[in-house]
Number of protein chains: 2
Amino acid sequence: MKELQSEYQCAINLVIDLIGGKWKVLLLWHLNEGDKRFNELRRTIPEITKKMLTQQLRELEGHGLVKRTVFEEVPPRVVYSTTDFGRKLQPVLYGMCQWGDDYAEKEGIQMNSCWTGRDFMQK
Amino acid sequence: MKELQSEYQCAINLVIDLIGGKWKVLLLWHLNEGDKRFNELRRTIPEITKKMLTQQLRELEGHGLVKRTVFEEVPPRVVYSTTDFGRKLQPVLYGMCQWGDDYAEKEGIQMNSCWTGRDFMQK
DNA sequence: TCATTAGGTTACCCTTTAGTAACTCAGTTA
DNA sequence: TAACTGAGTTACTAAAGGGTAACCTAATGA
């Protein structure tokens with residue numbers, strides 16, 4: 001699992017270590033909509049592989065942003081949810097989204113977003 | 001130079017492509033304090049190598065977040081500054097910093113920050 | 001007896017990112 | 001004539017990140 005540094009020059013680099021990479025913000029996004037099972041997430045994000053899904057969820061869990069609940073059944077049932085601290089990141093994600101959307105619009109980049117800053121503004 | 005994707009699932013992934021990596025937010029941070037020359041940045045961030053500094057500045061420039069001004073002199077003089085659009089990112093960086101600082105405090109991670117969210121709150 | 005289920009793990013490989021060290025350019029100073 | 005200046009470039013190497021395909025578990029249903 002990805003280890004955080006023991007010291008950072010800038011808090012933003014810590015944030016990037018926590019939520020950077022190809023899948024984490026997407027996972028946090030979908031988990032903020034509500035708790036989800038492993039294969040539910042796979043269906044929601046069909047491009048992610050099992051390996052990456054477990055790996056990224058385990059890191060989010062290890063860093064305290066996501067909670068993993070195992071029900072001892074066969075076949076197994078595992079439910080993922082965001083922690084309180086993970087949920088505190090939402091406004092930050094909104095801010096990033098809005099700026100990113102402005103950039104995308106300015107540069108003509110297509111946004112097939114599950115969610116955009118613009119959506120948020122309208123709510 | 002790092003090419004952006006032509007399409008993103010989530011604006012946040014675009015933002016991470018724009019400011020992710022080891023050096024960019026640090027560079028944006030220092031350039032927001034005021035325009036700086038190449039070797040001035042090297043002195044401000046002694047750990048960065050020339051190669052990474054040019055590379056990262058060139059990407060920030062290519063993505064329209066930083067402006068590069070060359071004065072045709074010998075020895076050369078090159079001044080870097082943030083663009084208007086780059087400056088619009090500041091509040092987002094603040095938000096990220098504050099959340100990152102909370103995380104660092106909670107987890108006992110040391111912050112040798114040029115700047116922290118806490119500083120901002122006191123201003 | 002065999003396949004199916006959910007939620008993984010493992011070995012292997014390729015690509016991207018970051019770092020090192022040497023080299024360049026043209027004019028100024030010693 | 002040689003060294004120094006600022007702002008780089010280049011070739012090479014090491015490390016991190018991401019992807020593929022095969023395998024595992026224990027109970028259930030056909």
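First the proteins, then the strands, lettered A, B, ... as listed; each starts at 1.
- Position along DNA chain D of the nearest nucleotide to A:Pro75 versus A:Gly20 favours A:Gly20 as the more 5'-ward residue.
- Residue B:Leu27 forms a side-chain contact (heavy atoms from CB on, under 4.5 Å) with just one option from B:Ile19, B:Ile45, B:Val66, B:Asn32, and that option is B:Ile45.
- A:Val70 and A:Leu60 fall within a single hydrophobic cluster, where Ile, Leu, Val, Met, Phe, Trp and Tyr side chains are chained together by heavy-atom contacts under 4.5 Å.
- Within the 4.0 angstrom heavy-atom criterion, only backbone atoms of the sugar-phosphate kind lie near B:Arg68; the bases stay farther away.
- Taking atom CD1 on A:Ile16 and atom P on C:dT17, their separation rounds to 13 Å, with Å as the unit.
- At a threshold of 4.0 Å, the pair A:Asp17-A:Lys2 counts as salt-bridged, since one of the basic side-chain nitrogens sits closer than that to a carboxylate oxygen.
- Atom CZ of A:Arg37 and atom C1' of C:dG7 are 9 Å apart (whole Å).
- The CD-C1' distance, from B:Gln56 to C:dT17, rounds to 9 Å in whole Å.
- Overall bending of the helix from C:dT1-D:dA30 to C:dA30-D:dT1, expressed as the angle between end axes built from five pairs apiece, is 30° (10° steps).
- We find that CD of A:Glu3 is positioned 16 Å from C1' of D:dA15, with the value rounded to whole Å.
- Comparing C:dG27, D:dG6, C:dG8 by their nearest atom to the side chain of B:Pro76 picks out D:dG6.
- The phosphate of C:dG8 (OP1 or OP2) has a side-chain N or O of A:Tyr80 nearer than 4.0 angstrom.
- To the nearest angstrom, C1' of C:dT9 lies 18 Å from CE of A:Met1.
- Within the 4.0 angstrom heavy-atom criterion, only backbone atoms of the sugar-phosphate kind lie near B:Arg58; the bases stay farther away.
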Distances under 3.5 Å between nitrogen or oxygen atoms of protein and nucleotides 19-21 of chain D:
from   : atom 1 : to      : atom 2 : distance (Å)
D:dG19 : OP1    : A:Lys22 : NZ     : 2.5
D:dG19 : OP2    : A:Trp23 : NE1    : 3.4
D:dG19 : N7     : A:Lys51 : NZ     : 2.8
D:dG19 : O6     : A:Lys51 : NZ     : 2.2

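- Between the C1' atom of D:dG17 and the CG atom of A:Asp17 lies a distance of 13 Å, rounded to the nearest Å.
- For the pair A:Arg77 CZ and D:dA26 C1', the interatomic distance rounds to 17 Å; values are reported in whole Å.
- The side-chain heavy atoms of B:Glu47 and B:Trp23, taken from C-beta on, include a pair separated by under 4.5 Å.
- Contact annotation for A:Phe71: no contact, since no heavy-atom pair falls under 4.0 Å across all strands.
- Nearest nucleotide to the A:Val78 side chain, out of C:dG8, D:dT9, C:dT17: C:dG8.
- The distance between atom NZ of A:Lys50 and atom P of C:dA11, rounded to the nearest whole Å, is 17 Å.
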